[in-house]
Amino acid sequence: MRLRLVAVNISGNSNPNISLLTRRGLSSFSSSNINHLKQIHAKLIRNSGIQDVLTAGKLIADIAVSNPSNLEYARSVMATLEYPPNTFMWNSMIRGYAHSPNPIEAIFLYRKMLEQRHLPNNYTFPFVLKACTHLMDLNLGLGVHGTVIKCGFEDSDAFIQTSLVNFYASCGSIETARLLFDRCPERDVTSWNALIKGYVRSNRYLDAIRVFRLMQDRRDVRADEITLLGVALACTQLGALDMGRWVHAYIDKNHVKLSASLGTALIDMYAKCGSIDVAMHLFERMPEKDVRTWSVMIGGLAVHGLAYEALELFSEMQRFGINPDSVTFTGVLCACSHAGMVEEGLQILDKMGKVYSVEPTIEHYGCIVDLLGRSGCLEEALGLIRRIPLKPDAVLWGALLVACRSHNNVAMGELVAKEMLKLDPHHCGAHVFLSNVYASTGRWSEVEQVRSSMKEQGIRKPPGSSLIELNGDVHEFIAGDRSHPQINQIHMMLDEIATLLSLQGHVPATRGIALDIDEEEKKLALSQHSEKLAVAFGLINTKQGAVLHIVKNLRVCEDCHSAMKFISKVFHRLIIIRDRSRFHHFKDGFCSCRDYW
DNA sequence: ATAGGGTTAG
């Protein structure tokens with residue numbers, strides 16, 4: 001009778017809401033058939049086999065990891081035993097919940113365990129810390145860490161140590177993670193991987209690569225697939241192509257398995273480091289491609305402005321029988337946007353839900369607003385934002401704000417900026433836009449209002465930063481920064497470029513500058529933009545004809561864009577710049593974006 | 001009997 005009651009809520013393995021669970025660990029168990037487990041349970045009850053602690057434990061563990069939707073069932077089995085549950089059972093339940101969509105339940109169970117004076121063991125903490133990591137709750141984890149110390153596990157258990165490193169790094173306390181890592185008496189490949197991935201997660205890509213280099217100096221560990229995945233990711237973010245190539249070579253040389261995920265990471269790396277052709281070559285040779293591999297390639301082509309190729313690949317993927325997912329469509333719509341293919345984009349959006357059963361999310365609408373906005377259909381874009389079934393967020397409005405700025409629609413821009421500030425009162429771009437609008441129309445008291453509100457809230461424009469790689473080393477330039485050892489040479493080079501430009505009748509495009517400083521100061525600010533510093537540095541330090549790869553954190557401004565076109569022609573250089581939203585290939589005085597970005 | 005690290009867009 002009891003079995004029947006608890007069995008009502010049981011479902012098979014078809015729960016679609018378990019994205020957390022595709023991670024390693026539980027997936028290997030998900031094949032356990034719940035009906036089979038129910039039969040075993042029934043049989044155990046009939047034959048009094050549930051009296052056997054080991055068998056009961058195994059049953060609970062199997063049910064708990066079969067599928068998160070069966071956790072309640074596992075719990076009820078544990079609750080109805082005639083004897084108190086043992087540590088193994090507690091651990092199994094905590095483990096199941098830690099990987100479920102409700103990791104907080106794992107914490108509740110862990111607390112209940114402690115309340116009942118049941119001591120956790122070395123297996124308990126990795127599960128509990130996993131739950132803290134998913135919850136991103138630093139205080140919670142700090143408490144658990146305290147208990148780890150009290151139980152005497154901090155210095156003695158490598159699994160717990162790695163769990164702690166992973167936890168702190170995921171919660172933004174990478175320095176603490178590093179401290180713990182350094183204190184570990186023994187570190188295996190997993191410990192190193194946790195730290196490397198931790199730096200990547202904390203946007204500390206250079207540190208991730210530094211740790212990888214330290215790791216290579218050691219004879220007791222060898223990089224594996226996961227290590228290289230982390231390093232490839234860091235290269236992708238940095239745009240460090242040479243380092244990325246080196247990672248690829250390392251994989252080949254050491255026969256590291258090129259799984260679909262590592263292959264996908266490499267394709268993404270090449271694409272985002274500017275080598276779209278190498279990315280394509282690797283893509284074509286990948287023996288097994290999953291939906292992510294296809295999505296990465298499509299997205300890569302899109303940001304390089306190769307819309308036709310992206311759409312072609314999108315069709316090919318379907319001929320291969322791979323179903324596009326939400327990410328695929330972001331890439332496809334992004335391709336349309338960068339190529340100004342308004343009709344195609346709208347058609348695809350329309351088909352998403354109807355034909356592919358992928359409901360458009362706010363990101364997809366963002367692509368469409370971008371698409372309409374770039375091609376000047378501002379009213380249509382505004383209409384779309386008002387019409388969509390989802391609540392617009394600041395990012396969506398932001399796409400329209402960018403369009404208002406580039407098409408000089410002050411009235412709509414003001415409206416949009418105000419909407420954005422309602423949703424995100426700290427949004428820097430919206431403040432700056434408003435301030436500029438007011439300044440350009442002489443509404444000085446309103447300018448002052450915006451300024452002081454920014455000051456009060458401590459809102460500052462993030463500084464522009466550009467990265468350029470030279471002989472495998474990444475150099476970073478910040479706008480206006482004069483600390484580089486070669487700064488005098490760099491400025492001499494920039495002066496020379498400015499002179500050549502003005503001889504050609506070029507006027508600095510100061511329109512994009514936010515502040516109400518005078519024209520001379522604006523010109524000075526422009527001349528110190530980070531991408532200009534980086535390109536001058538590259539020109540000075542590389543051979544004639546070498547390609548310059550630059551990665552910028554913000555969008556390229558109008559003035560830098562025309563300067564780059566000019567430099568590419570005069571110096572006979574291919575300059576490839578990745579900005580916040582796409583790639584620009586500058587060659588012979590032209591840019592691949594056809595001045596449409 | 002049980003444990004730690006994992007790829008895509010915005």
Side-chain angles (χ1 to χ4, degrees), chain A residues 22-27 29 53-62 64-65 86-96 98-99 120-130 133 153 157-167 169-170 184 187-198 200-201 223-230 232-233 236 258-269 271-272 290-300 302-303 324-335 361-367 369-370 393-396 398-399 580-581:
Chain A
T22 50
R23 306 259 160 97
R24 193 183 98 134
L26 296 198
S27 53
F29 293 91
V53 189
L54 289 186
T55 317
K58 186 86 179 80
L59 179 70
I60 290 166
D62 282 354
V65 298
N86 63 13
T87 317
F88 176 66
M89 294 171 187
W90 282 109
N91 289 350
S92 301
M93 289 307 303
I94 293 171
R95 172 195 190 190
H99 291 85
N121 65 7
N122 55 323
Y123 289 94
T124 316
F125 290 108
F127 301 139
V128 176
L129 287 166
K130 171 68 85 184
T133 306
F153 288 124
D157 191 291
F159 284 85
I160 295 175
Q161 283 155 3
T162 303
S163 297
L164 283 168
V165 168
N166 188 42
F167 161 74
S170 304
C184 286
R187 292 171 229 144
D188 62 8
V189 64
T190 311
S191 333
W192 287 91
N193 290 350
L195 187 65
I196 290 172
K197 191 64 218 289
V200 171
R201 230 192 308 255
D224 67 4
E225 190 195 337
I226 311 268
T227 320
L228 294 159
L229 206 51
L233 249 133
T236 306
L258 192 67
S259 60
S261 42
L262 187 53
T264 302
L266 282 184
I267 291 169
D268 194 39
M269 182 277 293
K272 294 224 180 80
D290 61 14
V291 62
R292 287 166 172 155
T293 320
W294 288 90
S295 299
V296 160
M297 196 61 233
I298 290 171
V303 290
D325 68 4
S326 178
V327 178
T328 320
F329 280 106
T330 313
V332 171
L333 293 176
C334 176
T361 65
I362 200 112
E363 284 86 5
H364 299 112
Y365 289 117
C367 294
V369 167
D370 195 51
D393 61 6
V395 182
L396 187 62
R580 218 184 143 88
S581 68

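Note on naming: letters A, B, ... go to the chains in the order of the sequence lines (proteins, then strands), and numbering restarts at 1 for each one. All of these numbers come straight from a predicted model, not from anything done at the bench.
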Atom pair [atom1]/[atom2] of [X] and [Y] - distance to nearest 0.5 Å:
X: A:Ile196; Y: A:Thr227; atom1: CD1; atom2: OG1; answer: 5.5 Å
X: A:Leu59; Y: A:Asp62; atom1: CG; atom2: CG; answer: 7.0 Å
X: A:Glu363; Y: A:Ser326; atom1: CD; atom2: OG; answer: 7.0 Å

Any donor-acceptor pair, under 3.5 Å, between the side chain of [X] and the base of [N], if you only look at N and O atoms?
X: A:Ser261; N: B:dG6; value: yes
X: A:Thr162; N: B:dG4; value: yes
X: A:Asp188; N: B:dG4; value: yes
X: A:Glu225; N: B:dG6; value: yes

Name the closest nucleotide to the [X] side chain, picking from [options].
X: A:Val327; options: B:dA1, B:dG5, B:dT8; result: B:dT8
X: A:Ala158; options: B:dG5, B:dT2, B:dG4; result: B:dG4
X: A:Val395; options: B:dA3, B:dG10, B:dG6; result: B:dG10
X: A:Val296; options: B:dT8, B:dG10, B:dG4; result: B:dT8
X: A:Asp268; options: B:dT2, B:dA9, B:dG4; result: B:dA9
X: A:Asn86; options: B:dA1, B:dG4, B:dA3; result: B:dA1

task: Check whether any side-chain nitrogen or oxygen of A:Arg201 sits under 4.0 Å from OP1 or OP2 of B:dG5, and answer yes or no.
output: no
*Ignoring backbone atoms, establish whether A:Lys272 has a side-chain N or O less than 4.0 Å from OP1 or OP2 of B:dA9.*
yes
Open item on the list: I'd like to check, for A:Phe159, whether its ring lies over the base of B:dA3 with centroids under 5.5 Å apart and a plane angle smaller than 30°.
Closed with: yes
Across all chains, not counting sequence neighbours, the side-chain contact (heavy atoms from CB on, under 4.5 Å) partners of A:Val369 are A:Ala381, A:Leu384, A:Ile385, A:Leu396, A:Ala399, A:Leu400
Per the under-4.0 Å heavy-atom filter, residues of residues 191-198 of chain A near DNA chain B come out as A:Ser191, A:Asn193, A:Lys197
- request: Check every strand shown and say whether A:Asp224 touches a base, only sugar-phosphate, or nothing at a heavy-atom separation below 4.0 Å.
  value: base
